[in-house]
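The block underneath contains the structure these notes are about, expressed in structure tokens.
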Amino acid sequence: MGQPDTLVYLPALHAGQGPSDRNREDGCPAGDARRDRRLHYRLPQGIRKPAGMTETGEAQHVIRARREKLRQLRELGVEPYCYRYEPNSTAAAAIQAFEAAGDDGVETRLAGRLRSFRPHGKTSFGHLEDRSGKIQIYFRADVLGEAGYELVKLLDLGDWVGVEGALFRTRTGEITVRADTVQLLAKTVRPLPYGKEETDEGGDTVVHGGFADVESRYRQRYADLAVNPEVRDLFLTRSRVVQEIQRFLDARGFLPVETPILQPIYGGATANPFKTYHRALDTELYLRIADELYLKRLIVGGLERVYEIGKVFRNEGIDRTHNPEFSMLELYQAYADYGDMMDLTESLVHEVVVRVSGSSRVVYQGEEIDFEPPWPRLAWYEALERHGDVRRSELQGGALREAALSAGVEGADDKGRAALLDGLFKARVEEHLRGPLIIYDYPVELSPLAKHKRDGDKELTERFEVFVAGHEIANAFSELNDPLEQRERFEAQARMREEEGWEEAHQIDDDYISALEYGLPPTGGMGLGIDRLVMLLTGRASIREVILFPTLRPE
RNA sequence: AGGCCGGUAGCUCAACUGGCAGAGCAACGGACUCUUAAUCCGUAGGUUGAGGGUUCGAGUCCCUCCCGGCCUACCA
């Protein structure tokens with residue numbers, strides 16, 4: 001965990017432990033045996049049509065031509081789908097080694113994808129791309145021999161190849177591998193949507209054409225990743241965010257745990273669930289909408305500090321900030337309250353931002369956001385007063401409904417107090433919260449799982465949310481640990497569901513109350529939206545850009 | 001859900017006021033032993049999202065539907 005450099009080359013995992021070490025250098029011996037086997041692996045006549053692709057005209061034509069190349073390769077004794085290759089470096093490391101050695105005598109063995117290809121008769125240039133970047137490869141017929149160069153002539157953009165040879169500098173000064181051997185690792189039979197690249201005078205890379213259709217990029221993320229290095233970088237950043245969070249929490253004694261995704265009673269948030277069904281149990285189950293209630297059961301069990309980073313599922317609308325499944329961090333710490341959670345959240349987010357982006361400041365959609373703690377803190381009703389021009393004392397009965405109506409809250413006519421307060425805040429306040437900003441002390445109606453204020457104000461709970469750029473990224477509270485009051489809160493929610501038709505209201509979870517009856521120590525809990533944090537750190541306006549495979553309408 | 005914009009070759013995009021559906025790249029064949037958007041010669045590639053209508057004639061105008069993006073409203 002927390003590997004700072006994910007580009008470090010990992011040596012073969014089971015060197016010397018495999019079934020045998022024979023053929024470890026070359027996973028693709030050519031020969032009759034292979035050709036015989038080919039008979040069993042022959043592809044069906046019609047090329048299978050992947051979902052969502054129309055195989056009209058050219059695509060079919062191209063794929064047919066590539067399959068013809070497969071045949072030619074096998075005729076040459078080259079197996080186009082290799083078993084193994086053992087590179088000893090990466091493009092970036094090879095270039096670095098060559099520079100360090102003073103342009104002298106560096107041999108390297110690399111594997112990657114053929115990103116560009118410029119044949120010139122008995123000579124060809126191309127670029128190989130691996131996870132570290134690109135390096136130019138120089139193929140010569142007189143070096144590779146007739147058979148080797150025949151293979152080079154059958155290469156296509158996107159093919160996976162392994163090359164071995166000495167590094168040198170071309171006439172134009174580019175560090176290049178002069179290939180002594182070339183090995184085809186996997187043939188591409190469907191052309192990748194590569195754009196042409198050009199380096200302008202400023203040294204910037206300009207891509208001509210390319211793969212830009214947003215929906216296609218999401219549906220075929222593999223092609224998006226293969227073709228767009230900045231997309232690979234983005235998901236590298238995402239992984240680092242998760243690693244940094246884990247590192248931060250591990251260092252503070254938090255235990256990573258896994259709780260059920262399939263739940264008989266869903267809870268821990270106000271949201272509509274996905275329903276599913278278990279046959280053997282003949283039971284309806286729900287996909288979790290939050291991890292909360294199970295994690296707090298673990299605190300009851302004495303684990304004291306736990307966290308989970310995982311997917312939660314909410315059966316609601318899809319837009320640029322909402323995906324039906326999204327990733328959340330939830331953590332719970334015994335003996336802590338929401339004040340501790342404020343401090344923890346500030347330092348967690350700050351540290352992740354600094355370690356991932358190198359600075360506490362990020363620019364998001366043209367707006368500079370500084371995560372340096374402490375963050376401003378504003379009480380919920382104060383925020384409403386400041387941005388919504390409504391005072392707490394004026395939000396009783398009809399006045400609240402009127403305020404919600406005038407704020408344009410949808411369905412304000414027949415909503416209950418909780419929904420009206422929530423609607424009013426969302427309509428009037430959230431967009432003004434550029435943050436990072438802590439909004440604290442939420443109305444009790446909105447927070448059935450939070451303790452009420454210790455000062456005796458029973459209408460408020462010790463809960464806060466963190467807002468950045470108008471969106472909530474974190475939610476935390478002093479966890480309600482009084483089982484009797486918890487039952488009353490659940491019952492109040494159940495009444496809201498029945499009387500006001502508030503479907504998202506919390507269900508009564510008797511087993512959770514039983515757990516509380518065994519004793520939940522004072523506990524602080526916090527939830528953090530991973531996707532939104534990644535959006536902030538990568539400057540993306542759409543959540544789909546930061547989810548590898550976002551939910552799309554099936555084709 | 002509502003509003004706006006869009007869907008043309010594998011990719012990125014053109015196509016005037018309704019008048020023969022095009023280019024670049026990718027692909028295929030050929031030439032070329034330091035290229036890098038390689039170059040040069042040649043070839044192929046299309047149910048213009050679907051259906052209907054108006055018209056001598058529709059990528060273009062009208063209607064319906066499908067799909068997507070953006071904005072607004074709601075769940076994080």
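Residue numbers start from 1 in every chain, and the chains themselves are labelled A, B, ... in the order their sequence lines are given, proteins ahead of strands. Not measured: the values here are computed from a predicted model.
Across all strands shown, A:Arg217 has no heavy atoms under 4.0 Å from either base or sugar-phosphate atoms. Within 4.0 Å of A:His127, counting heavy atoms only, lies at least one base atom of the nucleic acid. Using a 4.0 Å heavy-atom cutoff across all strands shown, A:Gly317 reaches at least one base atom of the nucleic acid. In this structure, A:Asn323 reaches the bases: a heavy-atom distance under 4.0 Å links it to at least one base atom across the strands shown. Among the atoms of the strands shown, base atoms are found under 4.0 Å from some heavy atom of A:Phe168. Looking at heavy-atom distances under 4.0 Å, A:Ser216 makes no contact with the nucleic acid at all.
Here the side chain of A:Glu215 is nearest to one of B:G68, B:C28, B:C70, namely B:G68. Closest contact between the side chain of A:Asp213 and the listed nucleotides B:U12, B:U35, B:C67 involves B:U12.
Checked by atom type and distance alone, the side chain of A:Gln365 pairs as donor or acceptor with a backbone atom of A:Gly539 at under 3.5 Å.
Using C1' as the reference atom, B:C67 and B:G51 are 15 Å apart when rounded to the nearest Å. Of the P atoms belonging to B:G49 and B:G7, the separation is 7 Å, rounded to the nearest Å. Taking atom C1' in both B:C20 and B:U60, one finds a spacing of 15 Å when rounded to whole Å. Separating the P atom of B:C41 from that of B:A58 is a span of 37 Å, rounded to the nearest Å. If you take atom C1' in B:G3 and the same atom in B:A73, they sit 11 Å apart, rounded to whole Å. B:U17 and B:U35: their P atoms are spaced 47 Å apart (whole Å). Look at the C1' atom in both B:A9 and B:C5: the space between them is 24 Å, to the nearest Å. A distance of about 29 Å separates the C1' atoms of B:C66 and B:A26, rounded to the whole Å.
Between A:Leu192 and A:Tyr138, the residue anchored nearer the 5' end of RNA chain B, judged by the nucleotide with its closest heavy atom, is A:Leu192. With the nearest nucleotide of RNA chain B identified for both A:Lys426 and A:Asp142, A:Asp142 has the one nearer the 5' end.
Ring orientation note: the planes of A:Phe313 and A:Phe274 are nearly perpendicular, at an angle over 60° on the 30°/60° scale.
When the salt bridge (Lys or Arg N to Asp or Glu O under 4.0 Å) test is applied to A:Arg178, no partner is found at least two apart in sequence or on another chain. Scanning for ring-ring contact (aromatic ring centres under 6.0 Å, His included) contacts around A:Tyr364 gives an empty result, with sequence neighbours left out.
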Read 5' to 3' with Watson-Crick or G-U pairs under 3.5 Å, [ ] for crossing pairs and | for partners on another strand, RNA chain B gives (((((((..((((.....[..)))).(((((.......))))).....(((((..]....))))))))))))....
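Aromatic pair A:Tyr138/A:Phe168: ring centres closer than 6.0 Å. Between A:Phe425 and A:Trp380, the distance from one ring center to the other falls under 6.0 angstrom.
For the pair A:Arg221 and A:Phe549, the cation-pi test (distance below 6.0 Å, angle within 45°) is failed.
At most 12 non-hydrogen atoms from other residues, nucleotides or ligands lie less than 6.0 angstrom from CD of A:Glu146.
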